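Okay, structure first, notes after.
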Amino acid sequence: MDDLAANLHVLVAGLKADFRLKTAISGASALALLAQQADQPKLVVLDVKMPGMSGIEVLRRMRDDPHTSDIPVILLSADASEQSEIAGLHLGANDYLVKPVSTNVLIVRVRNLIQRNADRIQLRLAAHVFEYSGEAIMITDRDNQIVDVNAAFTTLTGYHKSEVLSKNPRFLSSGRTTRKEYQAMWAAIRTGGFWQGEFWDRRKDGSVFPKMMTVSVVLDRAGDIDFYLANFVDVSHYKETERRIEHLAHHDTLTGLPNRLHLQVFLEQSILIAKRMSEQLAVVFLDLDRFKTINDTLGHPVGDDLLIQVADRLKTSVRQYDMVARLGGDEFVMILRGHDMPSVASAVAEKIRLHLNQPFQIGQHTLRTATSIGIALYPGNGERMDDLMKHADTAMYFTKSEGGNGFCFFSSDMNLHAHEKLELENLLHGALENQQFELYYQPQLSLPEQQVIGAEVLLRWHHPEKGFISPAVFIPLAEATNQIGAIGEWVLENACRQASQWLRDGLPLPRIGVNVSGRQFQDKNLFTLVKRVLAETGLPADRLELEITETAVTASPDEAARLLQSLRECGIMVALDDFGQGYSSLGQLRDLPIDRLKIDAAFVRDITDEPGHPGGAIAAATIGLGHNLGFSVIAEGVETQAQLSFLMAHGCDEVQGYYFAKPMPREQFEAFLRARMEAGTVGRNLPPTPEPRMILTAAK
């Protein structure tokens, strides 16, 4: 701003090569120009003496206006008096130059002021981030003495800034971190200028907590360390979640007993110990007689309570160092080790039989049950874990075939069960060819609006002579005999073909997904198969969701992640089923390219409205974990209003179960879907083309 055109010309000529400029010839026009600018200037050059409004007055008004108060200002004047300079600097001028001004000097002053102001803004931003960061930040000098901490540090540790200044951070140590770990940290900092890892610290109140910490160095101009910058967060919540997931991976959620994974590890170790100590070992399989009748007649809650009480009685029937595990359903396994094992195992089996013959009181029901027990001995009946498990299972089924409520040891002439399995295996080979498989559909609904947004497809086998054969029987057999690949391909083709037909018929089922078994997922041709089926059936890729079990993914996390990423790049969605069963770490789960987690029905059954009952904790934790990691969450097996209310209260996204609808054959499901369409309760945020969804869980 200058009232003389000649002066403006000189200033513009000197600055236009390096800067974009705007000019004004009076104080009023300068202020008006500043008020019109959406993007405020980096710097203002003001002539001091002008008619009307002086540059000093313009500066005063700029400093009074919060929109222009921070803009750097250079005052220009032909008046070299100290009074004018002091007045300008008092009002906040950043520089004062006397005319005539050297162009080179002006350019240097302008550049320096703009850079200095940018640095000041950056420092102000850094100070704001430092003070209001959610992470605790601690700065130490080159001697590792604390020079500053932020508010988050005080909140996390309980120490005020005045209590920690000039102290060495070692006073926070909990004593859990070894000297070797500290040495490794400092070695990384000194060689690379950076370290990240996990330590345990102690708060002012004495409590300890795990923290994830990052340490970096700030160097001076000579390249020497000036400061150490450490920021850290409390990861107790993540530790607890990971601990719960780890416990879940190794223990049955209903009874608290070790699960199959834990059992396998324990049995392998026990075999090694028995071999080294020249001991014997007994694998005891147990199955409740008539449990299905109790479960079907009185309902799952009663059946679950019965299993819990059975587990408690089993634990009191064995020695402290023996193991009792639950395989699933009403099947339990005990591992016994020592000498004279035939006598010991017989005594334990008889004790179990007598204990389980005693009545169970569950609510208003007094129940009686019995058990069939099979025993296999190491090394007489096998020296490998698989052989011992198989032979104990065979002996158990032999006991059951003899009327149950007893026990027997495995012997080589127990071929009945093996023959039955062989017969079923042969029948299974012809099931596809003879078109004995059928797909059933169970609706899935959104929360809270409860609109139908998909259907889970369930595989059914109807044999013309044997009638309905349970998926729990033929799916494991299909996997064991490598027939699951052909069956899975048939399901994928028919599910996608049916979905395409529904699209053409105008049935707006939002998504379709197909469950992939563990063996299918390990097949290197899976990606090619999926693309071929989509091309042949005409189903758009973005209408398909593949549901993968957590166990299949964690078997080979890196390869699984690459395959899942390839599927998603094609537009296919991915869901993680049976979450909690595969022992995936939080790091693995966070990095998996998936869209949603599926809460297993076993966790949903834990939900109850009984006073003081802690049920539902796992389901709630899974919902929170899934949402924190950016996944949608769907719960299966919803059977009661209490379960639905609990899931809605904790923000679950989707549900399915008998509370809404049982699995239905195609014709019945279509009628159900059309009825829901007429009621306006199908679909949610649908795109122009309907988006169907089925999720196949063949073993259900």
Side-chain angles (χ1 to χ4, degrees), residues 444 446 453-457 484-485 488-500 502-503 508-579 582 584-598 625-634 653-654 683-698:
Q444 295 177 318
S446 63
I453 48 83
E456 180 177 5
V457 181
I484 194 65
E489 183 175 345
W490 180 88
V491 171
L492 179 65
E493 290 175 349
N494 282 271
C496 291
R497 185 173 294 108
Q498 180 62 71
S500 290
W502 279 335
L503 281 172
L509 198 61
R511 295 185 305 255
I512 172 171
V514 176
N515 180 271
V516 177
S517 73
R519 285 185 175 271
Q520 282 181 284
F521 192 69
Q522 302 302 323
D523 189 344
K524 298 185 182 300
N525 297 318
L526 176 62
F527 181 70
T528 303
L529 169 65
V530 173
K531 292 190 65 177
R532 176 182 64 78
V533 169
L534 290 175
E536 291 177 353
T537 61
L539 184 68
D542 60 358
R543 301 299 195 250
L544 176 64
E545 178 176 84
L546 295 181
E547 188 169 342
I548 315 297
T549 64
E550 185 188 10
T551 305
V553 170
T554 55
S556 182
D558 294 337
E559 293 183 10
R562 285 192 290 269
L563 174 56
L564 295 179
Q565 185 61 37
S566 298
L567 292 168
R568 293 189 75 213
E569 288 174 355
C570 292
I572 301 168
M573 290 179 290
V574 178
L576 190 66
D577 192 16
D578 296 338
F579 176 67
S584 58
S585 69
L586 290 178
Q588 289 175 333
L589 185 60
R590 180 192 60 214
D591 297 333
L592 283 178
I594 60 177
D595 299 284
R596 63 178 45 78
L597 297 180
K598 191 166 190 180
L625 177 63
H627 287 169
N628 287 335
L629 295 176
F631 306 142
S632 297
V633 180
I634 179 171
D653 303 298
E654 300 170 2
R684 177 180 58 182
N685 299 326
L686 294 179
T689 303
E691 193 178 350
R693 175 185 191 205
M694 294 174 240
I695 295 182
L696 168 71
T697 307

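A quick note: this is a predicted structure, and the numbers were derived from the prediction, not measured.
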Exercise for the section: Check V633 against G626 and note the closest heavy-atom contact, atom names and distance. Expected result: CG2-CA, 4.1 Å
Fill in the blank from the handout: Nearest heavy-atom contact between A495 and V514 is CB-CG2, 4.0 Å
Problem - Nearest heavy atoms of D595 and M573, plus distance in Å - result: OD2-CA, 3.1 Å
Exercise for the section: Kindly indicate, with the supporting measurements, whether the criterion side-chain contact (heavy atoms from CB on, under 4.5 Å) is fulfilled by V574 and L592. Expected result: CA-CA 10 Å; V574 178; L592 283 178; over 6 Å; no
Practice task
With rounding to the nearest 0.5 Å, note down the distance linking SG in C496 to CG in L539.
Solution key: 5.0 Å
Practice task
Looking only at non-hydrogen atoms, find the nearest pair between A541 and C570 and report the distance.
Solution key: CB-O, 3.2 Å
Practice task
Mind running side-chain contact (heavy atoms from CB on, under 4.5 Å) on V530 and L544 for me, showing each step along the way?
Solution key: CA-CA 10 Å; V530 173; L544 176 64; 3.7 Å; yes
Practice task
Determine, for R532 against E489, whether the closest basic-nitrogen to carboxylate-oxygen distance falls under 4.0 angstrom.
Solution key: yes
Handout entry: Stepwise side-chain contact (heavy atoms from CB on, under 4.5 Å) test for F521 and L563
Key = CA-CA 9 Å; F521 192 69; L563 174 56; 3.7 Å; yes
Problem - side chain to side chain contact (heavy atoms under 4.5 Å, CB included) partners for S632, two or more places apart - result: R596, D653
Handout entry: Any L567 side-chain heavy atom under 4.5 Å of L546 side chain
Key = yes
Problem - Sidechain N-carboxylate O distance under 4.0 Å for K598, E654 - result: no
Exercise for the section: Indicate yes or no: at least one non-hydrogen side-chain atom of I572 is less than 4.5 angstrom from one of L534. Expected result: yes
Problem - Residues I548, D577; criterion side-chain contact (heavy atoms from CB on, under 4.5 Å); working and verdict - result: CA-CA 6 Å; I548 315 297; D577 192 16; over 6 Å; no
Practice task
Might you point out which heavy atoms bring S500 and G538 nearest each other, and give the distance in Å?
Solution key: OG-C, 3.6 Å
Handout entry: Interatomic distance, Q520 atom CD to L526 atom CG [nearest 0.5 angstrom]
Key = 7.0 Å
Exercise for the section: Drop me the distance from D523's CG to I484's CD1, to the nearest 0.5 angstrom. Expected result: 12.0 Å
Problem - Minimal non-hydrogen separation, A561 against P593, with atom names - result: O-CG, 3.6 Å
